Asks: 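Provided herewith is a single structure, encoded as structure tokens, for subsequent inquiry.
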2 protein chains.
Amino acid sequence: MNNCSYIKNKELHRHDERTEVSAHEVSLDTLFELSEFFKFFGDTTRIRIIHLMLSGEISVNDIAEKLNLEQSVVSHQLRILRTANLVKPRRDGRKMFYSLDDEHIGLIFNTGLTHILHKKGK
Amino acid sequence: MNNCSYIKNKELHRHDERTEVSAHEVSLDTLFELSEFFKFFGDTTRIRIIHLMLSGEISVNDIAEKLNLEQSVVSHQLRILRTANLVKPRRDGRKMFYSLDDEHIGLIFNTGLTHILHKKGK
DNA sequence: TGAAAATATGAATAACTGTTCATATATTAA
DNA sequence: TTAATATATGAACAGTTATTCATATTTTCA
């Protein structure tokens, strides 16, 4: 199946139910969206792309070269990140520059990174 | 394929390479582990289980009842979370109680939740 | 010991996901 | 317009994942 299911799922699972037991009153819908959100961070290619963007805007080809990935792989993943509003595009001539769309993205990345490094004992 | 691949992958992808371009000197290995870590949060069932545990220790059957899931679904997911050291088990008679193993888990959950709620404009 | 309760596990399956390859689109420059 | 460059997209495929169902294990209690 193609990558559009990232969006498709979001619609299919949407509903109004709420979790009966919840210390913080988080709706089932919100919990679903939260898991969908974390999915974007749950892939090596996307995490590496996000990591690159922590240093700022970067073009598609530059990502592909620096990460040693095929251009289409990068484009496909950027499409997923763009659709989810995690990154935003800017055109400059025939190049496209992408950057992180939300200040939270870097925060979440670093929170997870802190955990990993802590586990490793560094 | 069975759920053991969560552990299997971790071994297969381990290596010493480092990303050449990196503002924060994060190794390719660490970036891979980071994406594997976020994967645990990228499933509705696991997120709901983690959410329940924010309120403290809980038994397998209580999870299944409160989330309206089959017992084996909960056990399978708990096995994944336990293997990844995200939750820890405690036996009391014939019941097993599970709780979050690391203070970071709640932090990451809430950081993501803040993002989702912010996006929703609440 | 035997039955019941609580949990864990294995195999099978359906659905999802990332990559690959080929090709399309868009922009610039000659 | 044509060629070249940069990026996007679609279809197919292989690998992965969550769930289901059946069964095994562990512990308690009669």
Side-chain angles (χ1 to χ4, degrees), chain A residues 1-13 31-32 35-36 38-50 57-84 87-99, chain B residues 1-13 32 35-36 38-50 57-84 87-98:
Chain A
M1 199 159 283
N2 66 18
N3 296 320
C4 282
S5 36
Y6 277 95
I7 302 99
K8 193 184 59 192
N9 274 343
K10 198 162 274 184
E11 297 307 323
L12 285 173
H13 288 254
L31 287 173
F32 175 73
S35 67
E36 289 296 296
F38 278 123
K39 259 180 201 167
F40 297 118
F41 295 85
D43 174 77
T44 316
T45 302
R46 287 194 294 269
I47 273 285
R48 293 174 74 200
I49 291 174
I50 290 168
E57 199 183 54
I58 188 168
S59 76
V60 178
N61 266 338
D62 282 354
I63 295 171
E65 279 179 25
K66 287 182 174 172
L67 302 185
N68 197 33
L69 295 170
E70 288 191 22
Q71 176 264 319
S72 71
V73 167
V74 176
S75 267
H76 275 302
Q77 294 305 330
L78 282 174
R79 181 184 178 287
I80 292 171
L81 294 171
R82 177 167 25 90
T83 304
V87 304
K88 56 170 183 283
R90 179 179 70 83
R91 181 176 280 283
D92 181 19
R94 38 190 162 186
K95 287 193 171 184
M96 291 292 281
F97 288 88
Y98 283 88
S99 57
Chain B
M1 199 159 285
N2 67 18
N3 296 321
C4 285
S5 35
Y6 278 95
I7 302 99
K8 193 185 60 193
N9 276 342
K10 198 163 274 184
E11 298 306 324
L12 285 173
H13 287 255
F32 175 73
S35 67
E36 289 297 296
F38 279 123
K39 260 180 200 167
F40 297 118
F41 296 85
D43 175 79
T44 316
T45 302
R46 287 194 295 269
I47 272 286
R48 293 175 75 198
I49 291 175
I50 290 168
E57 201 181 53
I58 187 168
S59 76
V60 178
N61 266 338
D62 282 354
I63 295 172
E65 279 180 26
K66 288 182 174 172
L67 302 186
N68 196 33
L69 295 170
E70 288 191 22
Q71 176 266 320
S72 71
V73 167
V74 176
S75 267
H76 276 301
Q77 294 304 330
L78 282 174
R79 182 184 177 285
I80 292 171
L81 294 171
R82 175 167 27 88
T83 304
V87 304
K88 55 170 186 280
R90 180 180 69 84
R91 180 175 282 283
D92 181 21
R94 39 190 164 185
K95 287 194 173 185
M96 292 292 281
F97 288 88
Y98 283 88

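Just so it is clear: chains get the letters A, B, ... in the order the sequence lines come, proteins before strands, and each one is counted from 1. Just so you know, these numbers come straight off a predicted model, no measurement behind them.
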Asks: If I take atom CE in residue B:M96 and atom C1' in nucleotide C:dT9, what distance separates them, rounded to the nearest angstrom?
Replies: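 The answer, rounded to whole Å, is 14 Å.
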
Asks: What nucleotide among C:dA5, C:dG18, C:dT20 has an atom nearest to a side-chain atom of A:Q77?
Replies: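 When the side chain of A:Q77 is considered, C:dG18 is the closest of C:dA5, C:dG18, C:dT20.
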
Asks: Have a look at B:Y98 and say if it touches a base, only the backbone sugar-phosphate, or nothing, with a 4.0 Å heavy-atom cut-off.
Replies: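 Since only primed, P, OP1 and OP2 atoms lie under 4.0 Å of B:Y98, the category is sugar-phosphate.
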
Asks: Quick one: which of D:dT9, C:dT17, C:dT7 gets closest to the side chain of A:S72?
Replies: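 The closest nucleotide is D:dT9.
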
Asks: Quick check on DNA chain C: between A:V73 and A:R94, whose nearest nucleotide comes earlier from the 5' end?
Replies: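 Of the two residues, A:V73 wins.
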
Asks: Would you call B:V73 and B:T45 a side-chain contact if the rule is heavy atoms closer than 4.5 Å?
Replies: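 In contact.
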
Asks: Rounding to a whole Å, what distance do you find between B:I80:CD1 and D:dT16:C1'?
Replies: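 Rounded to whole Å, this separation is 11 Å.
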
Asks: Looking only at side-chain atoms of B:T45, point me to the closest of D:dA18, D:dT17, C:dA8.
Replies: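 From the listed options, D:dA18 comes nearest.
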
Asks: What class does the angle between the rings of A:F41 and B:F38 fall in, given that below 30° is parallel, 30 to 60° is tilted and above 60° is perpendicular?
Replies: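 The arrangement is tilted - the two ring planes meet at 30° to 60°.
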
Asks: Of the nucleotides D:dC21, C:dC21, C:dG18, which one has an atom closest to the side chain of B:E70?
Replies: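 The listed nucleotide nearest to B:E70's side chain is D:dC21.
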
Asks: By nearest nucleotide on DNA chain C, pick out whichever of A:D43 and B:V74 is the more 5' one.
Replies: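 Between the two, 5'-proximity favours B:V74.
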
Asks: Please evaluate residues B:V74 and B:L67 with respect to the criterion side-chain contact (heavy atoms from CB on, under 4.5 Å), reporting the C-alpha separation (whole Å), side-chain torsions for both, the decisive distance (0.1 Å), and the verdict.
Replies: CA-CA 9 Å; B:V74 176; B:L67 302 186; 5.9 Å; no

Asks: Considering non-hydrogen atoms only, spot the tightest contact between B:F40 and B:R46 and give its length.
Replies: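 Distance-wise, the nearest heavy atoms are O-NE, 2.9 Å.
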
Asks: As a test of reading the structure: which of C:dT7, D:dA8, C:dG18 is closest to the side chain of B:Q71, going by heavy atoms?
Replies: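 Looking only at heavy atoms from C-beta outward on B:Q71, the closest nucleotide is C:dT7.
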
Asks: Report the nucleotide, chosen from D:dT27, D:dA18, C:dT19, that has the shortest atom-to-atom distance to any side-chain atom of B:R46.
Replies: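 Comparing D:dT27, D:dA18, C:dT19 against the side chain of B:R46, the answer is D:dA18.
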
Asks: Measure CZ/B:R79 against C1'/D:dT17 and give the value in whole Å, please.
Replies: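 Between C1' of D:dT17 and CZ of B:R79: 13 Å.
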
Asks: Does the side-chain ring of B:H76 sit on the six-membered ring of the C:dT9 base, less than 5.5 Å centre to centre and under 30° in tilt?
Replies: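 By the stated criterion, B:H76 and C:dT9 stack.
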
Asks: From D:dT7, C:dA8, C:dT27, pick the nucleotide closest to the side chain of A:S75?
Replies: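 Selected nucleotide: D:dT7.
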
